Structure formats: C-alpha cells, structure tokens
A.B. asks: 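Supplied in structure tokens, the structure appears directly below.
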2 protein chains.
Amino acid sequence: MMQRPPTIKDLARALNISVSTVSRALRNATDINPETRQAVLKLAKEMEYEPNFIAQSLVKKQTHIIGVVVPSIDSNYFSEALSGMTDCAIEQNYHLMICQSNENEVLENKSIRKLLSCNIDGLLISVSLQTKSDNVIKEAQKKHVPVVMFDRIIPGADCTKVIVNEYEGALKAVEHLIKKGCKRIAHIGGPKDLSVSENRKKGYLDALAKHKIPVREELIAHCKSFEEDAIGAIRKVMNAKPRPDAIFFINDLSAITAIEYIRRKGLRIPEDIKIVGFNNDKVSNVVEPALTTVMQPGYEVGKLALGVLIDEIESKSTERQLFELRTTLVTRKSSR
Amino acid sequence: MMQRPPTIKDLARALNISVSTVSRALRNATDINPETRQAVLKLAKEMEYEPNFIAQSLVKKQTHIIGVVVPSIDSNYFSEALSGMTDCAIEQNYHLMICQSNENEVLENKSIRKLLSCNIDGLLISVSLQTKSDNVIKEAQKKHVPVVMFDRIIPGADCTKVIVNEYEGALKAVEHLIKKGCKRIAHIGGPKDLSVSENRKKGYLDALAKHKIPVREELIAHCKSFEEDAIGAIRKVMNAKPRPDAIFFINDLSAITAIEYIRRKGLRIPEDIKIVGFNNDKVSNVVEPALTTVMQPGYEVGKLALGVLIDEIESKSTERQLFELRTTLVTRKSSR
DNA sequence: CTGAAAGCGCTTACAG
DNA sequence: CTGAAAGCGCTTACAG
C-alpha cells in the first residue's frame, strides 16, 4: 500500500523514463511518442494518479482560484448569484473562494487581502453598503489580479461591471400599473442614499413623467431599513387623500406586509388597489393575492460576471466593460 | 518598481542574510536573534512582503482550504449554514471552496473529486437527495482528508456528523398545539422517503401518542415536492370530518399557501384553526396572521460543523462524533 | 543564532 | 522524441 498519493516521480520510476517525459505525456504535449504517452496514461489511471494542483499552481503562477466577496451569502439575491457562479466555475474548471463582508468595509478589506494572499487569479466583488473607496480594488489590480464588480458596484471604479437595470425594471412595473388604468400610484422606497433605492425610485418617477402623471409627495414614503418599519411608510401613503389606487414597493416583503393592512381598510386587491413588489421571492407566488413583482436575474448575473472575469484572466485583456442585464416583470393577481 | 511581489529571497538579499534566517524570522521561531528578527519584519513591511500561500502549502502539505459541498447554495437553510461557515473560516484562517450538487449525485462526486485534487485539508458535505453511497467519502478518508457531514447525512457513514434535531422540533410544535387545546391536529408532510419528512412526521406522531390522541389517517397528507402541490394536500385534510382544529406543516411556504384556503372556507386563524410552519422564513413574520414556526439554527450548524472539522484536521483525531443542535419554537399569532 | 542544502511536485527551456 | 537541469517560493533538518 502506498501511503501518500502517487507523483509523476513514481510514474517515471515505474516506467523507467524521466519525469519530464511523464509530465509531457500527461499534458497532451505534441512532441511525445504516442506509445510512451499511452503507457503513461494507462499507468496513471491504474495508480489513480492525480496531478498535484498546488505544485502546478506554484510553477505556472496561476491557481485557477477566483475570490468572491459579497455583502452576505445568506440573502436571496446574492445566494442566487453565487449559485450561478458556482455552476459556471465547475464547468470552466475554476474554483471559488467565497467571503462575506457582512456589510462591513473593514471586514471586506480583510477578506480581499486574504484572498490576494491565496494568489487568486481574479476577484469578483459586490461591495458593502459602507464601501466608498476602491483602494483595495486598485491594490488587486496592481498585483495584476483582474477585478469584476457585480450588482453593488462603485460607479467610479476602473474595472468591468455587471449590473441589473433596476431602473428599467421599476419603470416597466409602474408603466404596467399605468396601463391598467391606475392614476394615483404610490411608491414605498428603501433606505435613502442607497443606489438600489434611488434607481428604483427614479424608474417610478420617470414612468409617471413619461405618462404626464404629476408626482404627489404624499404618495412617496421610504423605509429606513429594508424589512422593518414598512408599515409606517404604508400607513403614510394610504392616508393620502385621495388614496392611492396602486403601490409600487421596493421589495416583496414590504408588499406582503401591506396586503393585510389594505384588507383591514376594507379595500380589495387588485380591484380597489393594485400592488407590485420587487425581487420575485418564492413567497410572492404563494401569498394571496399572488404578487406581481420584478424578477432580477441573480443567477445570470453570477454566471455572466464569472464568465467575463475568466475572459479577462485568460486573454489578459484590460478593456473595461459594462454589462447590464434586464429584469422581467412577473404579472400576477395583485395587479390584474 | 518591482514587477513581481517580493519573496523571501528578495528580503534575504536586501539584508545580506540567508533565506533560512528570513524564513525563521518571519514565522516566529525561537532560535532567532531578536534584532535580526526586527530587521526582517521591518523590511517585510516596507516591501509589502506577503508569504506565498501556494509555496507554503506545497512544503507543509496543508492548504488551509476546506471543501464544502451542499445540495444548493440558493436555499434559505443552506445559505445560512454557508454563512456560518464563512464567518468561522475567516476567523480561524481557513478558506472555503464551495460547490453545489444541484441534488445530483454524479455532479456531487465530480465536485468532491475536484476538491480533493485541490488538496483540501478537510471536507464538509451535506448530501444530495439522490445520494445513497458513501464511496466518495471513503475515497477522501483514504487520502487522509477528514470529512464532516452536516444536515443531510448518510446515517451509516463513518464520520463526524452535525445535525438538527428536527424530530424534537416537530414534537415541540405539536405539543404546543395540544397545550393550546387542539384535539384534531393534521399534518401536511413533505415528499415521502426523505429523512426530513420522516423525522418531522415522527415528531408529530409521537406527540400525539404521548398525549394519547389517536392518529387519524385522513388528517395526514404528503406533498410530492416541497413547494408545489401543497394545495392538494391541504384540501385533503380540510375535508376530513370533523375538520382539523390545527395543522402542522412541513414548511412555512405550504403553511402560507393554506392561509388563504382556510380563510375562503370562512374559518378564522387562530380562533377556528391554528397553524404552525417549519423553517422560520423571513416572510413568516410578515404574513397575516404571523406564522408560528420551528426555527432551525442553520448559521450555528455551519459554524459548528466547520469548527469540529478544523478540530479534526488540527488534532488529527479520528474519533467520530454526533452533534445534534436543537430547534426553537417561534410562537406567533397563527397559534395563539 | 545562522547558513548551505535538500526537498515539496510540478513545468519548461535546452541539448541531444 | 527524450532526459538532465533549473526553477517556482517556501520550510526544515543538519552542521557549525
């Protein structure tokens, strides 16, 4: 019994040839006798030889490891993106090292530095809410590690970016309500100063403008955080006179919170008031009424971001690109 | 300007000492002159020296990389576990390589083998629904890679396991309903033959037995898949005569699906019928009525599983252990 | 306390 | 087509 896994040395000895020849046979080089090659491959299989990835990395100076940093793994959207990346990685023979910043810039920087010290071939990052500076990104690039930002980007950063056009998603959602005949469309937004909140609100405002519907400030309210205190914002817009005939929400959970509030007011959804969420959470199809919502292609974002990064790694291209994926409006009963 | 990152060779040359001495100074060895040590450390800082992780791995024959395989990254429960592992990993100076099997045993095996060829120091796995054999686990162990299974385990496998006592969670949930005075408690189960389904159903049955409540088959129904076709199962149990006064669901989504069905029947929750879910999805606190549910400590499972694996890696212990974490019953309006 | 040497497992010019 | 040699960046006995 062999205690340790076999190496090319073991193969070479067993076949009475040199390690260089074994190495060449293994990696499909052209200048190798087909018979020698077959013999090596056969023995390699028998001995269950596996190339030592670490040793290869050291000499080739590339690890095929890609570092990924997201704000939180445990979030609907990011876990979808990670899923896309992971599937793509295994296909393309890359490996992912995933870290989360927990929305903390210090931890984010620490994670990136740790990843860099692992000699990652590339970095995929979606920045924390706190992150303003792209210094660590520059650090990576100085080490010739290509960087691709996705979803939560730093607009000024000098790297390729993959984002979702949430603005257009919001615009489509609100135009859908307008086509349904709604005239007094309210908006429950997310925390101010966040690009997601701003993009979606801008879509809302532009849809109104496009259809010459005046903006009424009393129909707009913001949640301080994403999931809590939605009820305060809902109460505010529902108290407007005349009351809204539709509400476009920053996310599905706040929309679902509103369903019961609206029911208590004696109003029917969608007859008296239509509602639209954002995200297409699984539950949006389970609640009653089923929720119309804007689906973001998280899985595709992940897949594309990784694909683009691999292209940069392999072609050593330094061209910066901006990829924008589109949302899909999923219409259900809540806006029929 | 230095084109490539500095190595210990560069440090040695600059200080006119040998690489062995630099190496010792860097890693805190005892047999080193404190002054030499200071000088090396100072220069290392100035030159922004970072030890080459790959080179270290090659000589030390350990990578500090842990391979993780889950059925799907993009699932509430597993993303929580991954989150716990990730936080734990960075603290303990390990790195995670995460793969997903997409519930496919072939892909699972492929992922494990890829991870092994990366010389992972340990393997953390939650197996796919298809997986029956622990062959690949044995393969890993033959290579002296410790394995810890979590959540979805192969009962017979010879390795340390970290699981959640779902049985007890279900038992507590049903006893809670019994204490509330319910006499005709129904159960909507998950796909048959799945250990999750079986464990939770057993908790239900044992709670009834413990309180001498007879089991009525017409109050038990199974969903074929987790999220779809819940409505058929709900209809079945709601048609039992006399009708149930409580339902214990396999998960929150099926419970939420039932809310509207029950409302349409003209029944009130919780007055006429109480309901309890499983998982504590975010939405369970947003729906009306807010859902009583069983919380599984996914984050803690991840943290513990990784901690235990690291212990095995570092102490080279081969003792097999079984860790069982407990659920928490979160009582809300739907069962008051 | 320090240095020279060997080695981790592989790849890749270079000579033949 | 094949082999000897050098090297990737580090660690670790071994001598001194």
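Everything numeric here is computed off the predicted structure, so don't read it as measured data.
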A.B. asks: Please encode protein proximity along nucleotides 8-16 of chain D as a string of B, S and -, counting only heavy-atom distances under 4.0 Å.
C.D. replies: BBBBBB---

A.B. asks: Once the angle between the rings of A/His64 and A/Tyr94 is folded into 0 to 90°, is it parallel (under 30°), tilted (30 to 60°) or perpendicular (over 60°)?
C.D. replies: parallel

A.B. asks: Residues in side-chain hydrogen bond (donor to acceptor under 3.5 Å, both in side chains) with A/Lys42, at least two apart?
C.D. replies: A/Glu46

A.B. asks: Checking B/Glu108 now: which residues fulfil salt bridge (charged side-chain N to carboxylate O under 4.0 Å, His left out) with it, not counting sequence neighbours?
C.D. replies: none

A.B. asks: Residues two or more places apart in sequence or in another chain: which of them pass side-chain hydrogen bond (donor to acceptor under 3.5 Å, both in side chains) with A/Glu103?
C.D. replies: A/Arg152

A.B. asks: Can you run down the salt bridge (Lys or Arg N to Asp or Glu O under 4.0 Å) pairs that involve residues 131-140 of chain B, sequence neighbours left out, and say none if there aren't any?
C.D. replies: B/Arg113-B/Glu139, B/Asp134-B/Lys138

A.B. asks: Rounded to whole angstroms, how far apart are CZ on A/Arg13 and C1' on D/dG3?
C.D. replies: 16 Å

A.B. asks: Of all residues at least two apart in sequence or in a different chain, which pass the side-chain hydrogen bond (donor to acceptor under 3.5 Å, both in side chains) check with A/Thr160?
C.D. replies: A/Glu312

A.B. asks: Hey, does the side chain of A/Thr21 come within less than 4.0 Å of D/dG3's phosphate (OP1/OP2), counting only N and O?
C.D. replies: yes

A.B. asks: Not counting sequence neighbours, which residues clear salt bridge (charged side-chain N to carboxylate O under 4.0 Å, His left out) with B/Lys60? List them please.
C.D. replies: none

A.B. asks: Output all residues satisfying side-chain hydrogen bond (donor to acceptor under 3.5 Å, both in side chains) with A/Gln100, sequence neighbours left out; order by chain, then residue number.
C.D. replies: B/Ser83, B/Asp87

A.B. asks: Classify B/Ser57 by what it touches in the nucleic acid, base, sugar-phosphate, or nothing, heavy-atom distance under 4.0 Å.
C.D. replies: nothing

A.B. asks: Just to verify, what does A/Tyr49 make a ring pair (Phe, Tyr, Trp, His ring centres under 6.0 Å) with, not counting sequence neighbours?
C.D. replies: none

A.B. asks: Excluding sequence neighbours, so at least two apart, what forms salt bridge (charged side-chain N to carboxylate O under 4.0 Å, His left out) with B/Lys143?
C.D. replies: none

A.B. asks: Using a 4.0 Å cut-off on heavy atoms, which residues in residues 114-122 of chain B reach DNA chain C? List them by number, or say none.
C.D. replies: none

A.B. asks: Could you write out DNA chain C as dot-bracket? Rules: Watson-Crick or G-U wobble, both distances under 3.5 Å, brackets [ ] for crossings, | for pairs with another strand, dot for unpaired.
C.D. replies: |||.||||||||.|||

